[in-house]
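One-based numbering, in listed order, for ligands and for the atoms of each.
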Amino acid sequence: MKLTYLGTAAAEGWPAAFCNCDGCRAARRLGGRNIRTRSQALVDDALLLDFPCDTWLHALRQGLDFSAVRWLLVTHSHTDHFYPAELVNRGGCYSHGMKSPTLDIFCNEAVRDYFYKAAGHELVPDVEQRLRFHIVRPFECVSAGPYRVTPLPAKHMDTEQALFYLIEREGRSLLYAHDTGRFYPEVYEFLAGRAAPLSAVSLDSTSGRFENGENDGHMGLPDAAAVRLRLLEAGAAGPNTRFIANHFSHNGGWLHDEFARNAAPYQIEPAYDGMTVEL
Ligand SMILES: [Zn+2]
Ligand SMILES: [Zn+2]
Ligand SMILES: [Zn+2]
């Protein structure tokens, strides 16, 4: 599997449009890996993880043809992860010569309902017919073509059950976990019960240098390091598991290189926009 990080920021992006904090001003000045768009990732150019408002920019910047994407996994309905208005452009007079006209979307009910609410009167029949929503539930495995996908319950919000995903293919595995606090005990139990250690784990690091503790809906590096240890102790991860931090907020205090320096002792590396990982 090839994983490409298209965007690696939390809700407001980094720098945020209306912000002049030290972190945003430094990102504007330094550029490079400090510029982070809203979180989205792509597996093998065919399976997309989340659909933020920066999706259009990601296709442009990475030279991607999103019409070839067959499967979309959505974590939850916060707009940095699901921007349904863009899906309205997926067909009709807006999109010609699409490589995969049908898009299978795996999500919770809130995401599907948000799509219909946002699309409203702009939804034309051939767009709607090409979107197939599949409502998924924690721990209930589904198939997305060659991928085995297991939704897991995120500790993130009260108004819906946010999800994160385990994606497996031909013995390789990716745990893509952002917009979650430290995991629920049943998630560790489930992951410990798998036959082989995870190939890669992508962990929420919204809070950067700060610790959120057991009961918050996000993580900082101290939390990600604690989750890594628990996964290792449980046997869900091993010495060859690659740990990557993702979903950064400007409130987290560390720019890319500072995060990398501070995370290195924990064998965690920060993602950046455009980063690719071969699993
Ligand atoms: Zn988010
Ligand atoms: Zn800021
Ligand atoms: Zn969220």
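No close placement of the Phe82 and Phe115 rings is indicated, their centers lying 6.0 Å or farther apart. Between His218 and His178, the distance from one ring center to the other does not fall under 6.0 angstrom.
A donor and an acceptor atom, one from each side chain of Glu160 and His76, are nowhere located under 3.5 Å apart. Arg230 and Tyr188 share no donor-acceptor pair across their side chains, judged by distance under 3.5 Å alone.
A cation-pi contact links Lys155 to Tyr184, judged by a cut-off of 6.0 Å to the six-membered ring centre and 45° from its axis.
Near-neighbour remark for the Zn ion (ligand 3): protein N, O or S atoms under 2.8 Å are His76 NE2, His78 ND1, His156 NE2, Asp179 OD2; waters not counted. Of all protein N/O/S atoms, those under 2.8 Å from the Zn ion (ligand 2) are Cys19 SG, Cys21 SG, Cys24 SG, His250 ND1, and waters are not counted.
For the salt bridge (Lys or Arg N to Asp or Glu O under 4.0 Å) condition, the pairs that include at least one residue of residues 256-272, sequence neighbours left out, are Arg242-Glu269.
The pair Arg130-Asp126 meets the salt-bridge criterion, with a side-chain N (NZ, NE, NH1 or NH2) lying under 4.0 Å from an Asp/Glu carboxylate O.
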Inset, instruction - Begin with the C-alpha distance, continue with both residues' side-chain angles, and end with the deciding distance and a verdict on salt bridge (Lys or Arg N to Asp or Glu O under 4.0 Å) for Glu168 and Arg194. - result: CA-CA 11 Å; Glu168 298 168 283; Arg194 294 181 61 257; 2.9 Å; yes
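Evaluation of the side chain to side chain contact (heavy atoms under 4.5 Å, CB included) rule for Pro197 yields Thr241 as partners, not counting sequence neighbours.
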